[in-house]
Amino acid sequence: MTLTTTAAALDVKLAQRTARIAVLGLGYVGTPLAVHLARSGFAVTGFDPQARKVDEINAGRSPVQDVAHTDVAELLGLDTLRATSRGADLAGHDVYILCVPTPLDESKQPDMKYIERAASLVAEHVRPGTLVVLESTTYPGTTDEMLVPMLAQGGLIPDEDLFVAFSPERVDPGNAKFNTGNIPKLVGGIGPRSTELATALYRAFLPSVHPVSSARVAEMAKLHENTFRAVNIGYANELAMICQALGVNVWEVVDAAATKPFGFMPFYPGPGIGGHCIPLDPHYLAWRARKEGFATRFIDLADQVNSGMPRYIVGRLMNVLNARAKALRGSHVLVLGVTYKPDVDDARESPAMDVIRELERHGAQVRYVDPYVEELPHHHGPHLQAVRAELDDETCAWTDVAVILTHHSCFDFNALSLRVPQIFDTRGAARHAPGAVELL
Ligand SMILES: NC(=O)c1ccc[n+]([C@@H]2O[C@H](COP(=O)([O-])OP(=O)(O)OC[C@H]3O[C@@H](n4cnc5c(N)ncnc54)[C@H](O)[C@@H]3O)[C@@H](O)[C@H]2O)c1
């Protein structure tokens with residue numbers, strides 16, 4: 001395959017890092033990406049309709065926890081990064097990377113409006129030799145069937161003078177070892193030239209890039225990764241319930257099985273799944289599979305088990321209180337950790353909200369302790385009453401039972417187990433604490 005003249009020109013700009021790059025969506029995915037690109041020498045424009053994020057970046061501050069303010073400030077000083085909310089500022093770029101949300105709508109179907117809006121903005125600016133990459137997680141076929149027709153409506157020929165690829169983001173916010181800069185990157189283009197150019201783009205600033213034969217393969221691989229997690233967590237949750245019925249410690253079971261050096265990978269139970277990816281992405285796959293007439297039984301079952309966990313947790317908590325001759329109604333429940341996973345500041349899409357709602361529905365009085373969350377995010381359903389508390393003597397004296405939902409590393413469960421009458425631990429984090437601890 002030979003590169004067309006326009007493709008060859010972009011290839012040179014990518015190699016020389018003179019290509020101008022626009023990143024659309026300055027969230028958990030787009031901000032680190034924009035910073036990595038700018039740090040490697042590209043001139044980067046970050047675009048986001050939220051003025052708050054744009055203003056923050058232009059003031060030298062990072063809108064996300066995983067990127068340091070100093071990194072943003074330094075790149076602004078070097079004039080390699082700037083942010084905007086003005087569509088007109090997107091003109092004149094060689095590469096557009098879309099990192100916009102892909103949520104579910106009320107009926108748990110893909111909500112494509114953010115990709116549509118971003119694509120129609122970019123469509124106004126594409127010209128011969130432009131590369132557009134979609135990083136948002138989505139169903140297989142989005143790039144070919146939805147993005148390309150929108151971008152090519154001005155007459156550009158896909159993979160001849162308009163290059164389009166899908167490259168899923170696999171970032172894991174809060175992960176100290178793996179980040180945007182060192183996670184292997186999958187790239188699949190709509191044709192060989194698109195794949196080659198998108199691969200060249202990512203190789204310019206990442207150590208490991210894995211091209212695949214099509215955008216669909218890359219789209220499907222991303223959904224496979226996260227559906228694999230959702231299904232296995234569903235099984236771990238079911239295992240926890242079986243272990244409880246059999247009087248076996250599930251945490252010890254999983255750790256014991258994990259000593260097998262091959263053919264086993266540990267997954268842990270918990271109060272449910274959260275975050276922007278694991279609870280959502282399997283629905284993208286299921287929705288697309290259903291359009292082909294497939295029943296996605298593993299996916300549906302995992303969803304059923306995982307989304308039933310908050311209710312199961314509250315049922316177990318009732319038993320824990322019952323053993324102390326207390327009813328949940330009127331009891332003081334201290335929730336420890338409300339983010340969707342440890343050491344992150346994001347409580348949206350956290351199963352803790354469902355647990356708190358269920359507790360309050362049963363008449364419990366709830367306080368929560370979380371160093372990362374000042375206020376509970378707005379969630380579907382009735383307003384949550386739970387108030388934020390400090391882990392002080394007054395709170396410990398108030399508590400009838402403390403439930404660990406998110407095991408932030410700053411929590412000292414050993415000490416805490418001696419300050420409250422009872423802990424119910426849904427994360428296996430207080431397994432070895434000296435006080436009264438009931439495990440999931
Ligand atoms: N957060 C993660 O851990 C993670 C990991 C891997 C993949 N993903 C996927 O990456 C995508 C982005 O996720 P995120 O976590 O960064 O979301 P986010 O909500 O943190 O950020 C998305 C940003 O896009 C902006 N936006 C909305 N409409 C826009 C438009 N038309 N043009 C430009 N910007 C627009 C929003 O204002 C927001 O700032 C999603 O598809 C998500 O599934 C997320």
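Because the structure is predicted, anything quoted here is derived from the model rather than measured. Each ligand, and each atom within it, is numbered from 1 in the order the structure gives.
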Atom 28 (N) of ligand 1: closest protein heavy atom, distance to 0.1 Å, is Y114 CD2, 3.4 Å

Quick check: do Y202 and K185 have side-chain heavy atoms less than 4.5 Å from each other? yes

Would you find a donor on one side and an acceptor on the other, under 3.5 Å apart, between the side chain of N237 and the backbone of G234? no

Between T137 and ligand 1, is there a nitrogen or oxygen pair with a distance under 3.5 Å? yes

Shortest protein contact, atom 1 (N) of ligand 1 (heavy atom only): Y28 CB, 3.6 Å

Check this for me - ligand 1, R170, N or O atoms closer than 3.5 angstrom, yes or no? no

Side chain H93, main chain A91, donor-acceptor under 3.5 Å: yes

How does K222 reach ligand 1, by side chain, by backbone, by both or by neither, if only non-hydrogen atoms under 4.0 Å count? side chain

Check whether any N or O atom of V29, backbone or side chain, sits under 3.5 Å from an N or O atom of ligand 1, and answer yes or no. yes

Can you find an N/O atom of E169 closer than 3.5 Å to an N/O atom of ligand 1? no

I need the single residue from R127, R20, R17 that forms a salt bridge (charged side-chain N to carboxylate O under 4.0 Å, His left out) with D94. Which is it? R127

Using a strict cut-off of 4.0 Å, indicate which atoms of ligand 1 neighbour a heavy atom of R117. 31 (N)

Separation between CZ of R290 and CG of L285, rounded to the nearest 0.5 Å: 10.0 Å

What is the nearest protein non-hydrogen atom to atom 30 (C) of ligand 1, stated with its residue, atom name and distance? V100 CG1, 3.9 Å

Using atom types as modelled and distance alone, determine if a side-chain donor or acceptor of S307 lies under 3.5 Å from a backbone N or O of D303. yes

Could you check atom 21 (O) of ligand 1 against the protein and tell me its nearest heavy-atom contact, residue, atom and distance included? G27 CA, 3.2 Å

Which heavy atom of L223 sits nearest to which heavy atom of T138, and what is that distance? CD1-O, 3.5 Å

Identify the two heavy atoms, one from L280 and one from T102, that lie closest to each other, and give their separation to 0.1 Å. CD2-O, 3.9 Å

I'd like to check which ligand 1 atoms, numbered from 1 as shown, lie under 4.0 Å from a non-hydrogen atom of K53. 38 (C), 39 (O)

How close do T195 and G189 get, counting heavy atoms only, and between which atoms? OG1-N, 2.9 Å

Are F228 and F267 an aromatic pair, judged by ring center distance below 6.0 Å? yes

How far is atom 39 (O) of ligand 1 from the closest protein heavy atom, and which atom is that? D48 OD2, 2.5 Å

Closest by any non-hydrogen atom to atom 2 (C) of ligand 1: pick that one out of A51, C277, G30, A22. C277

Around atom 5 (C) of ligand 1, find the nearest protein heavy atom and jot down its residue, atom name and distance. V171 O, 3.3 Å

Option from I97, L33, T45, T80 for which side chain to side chain contact (heavy atoms under 4.5 Å, CB included) with I21 holds: I97

Of all protein heavy atoms, the one nearest atom 32 (N) of ligand 1 is F47 CE2, 3.6 Å

N or O contact, R348 vs ligand 1, cut-off under 3.5 Å: no

Distance under 4.0 Å to a non-hydrogen atom of P173: what atoms of ligand 1 satisfy this? 3 (O)

Evaluate the 4.0 Å heavy atom contact test for atom 17 (O) of ligand 1: does a protein atom fall under the cut-off? no

Has the side chain of T339 got a donor or acceptor atom that lies under 3.5 Å from a matching backbone atom of K341? yes

F163 side chain reached by T4 side chain, heavy atoms, under 4.5 Å: yes

Are any of the N/O atoms in D281 less than 3.5 Å from those in ligand 1? no

The one among P49, P63, P32, P103 that brings a heavy atom closest to atom 34 (N) of ligand 1: P49

If we number the atoms of ligand 1 from 1 as shown, the ones under 4.0 Å from a heavy atom of T102 are 40 (C), 41 (O), 43 (O)

Under 4.0 Å from a heavy atom of Q50: which atoms of ligand 1 are those, numbered in the order shown and with their elements? 36 (C), 37 (O), 38 (C), 39 (O)

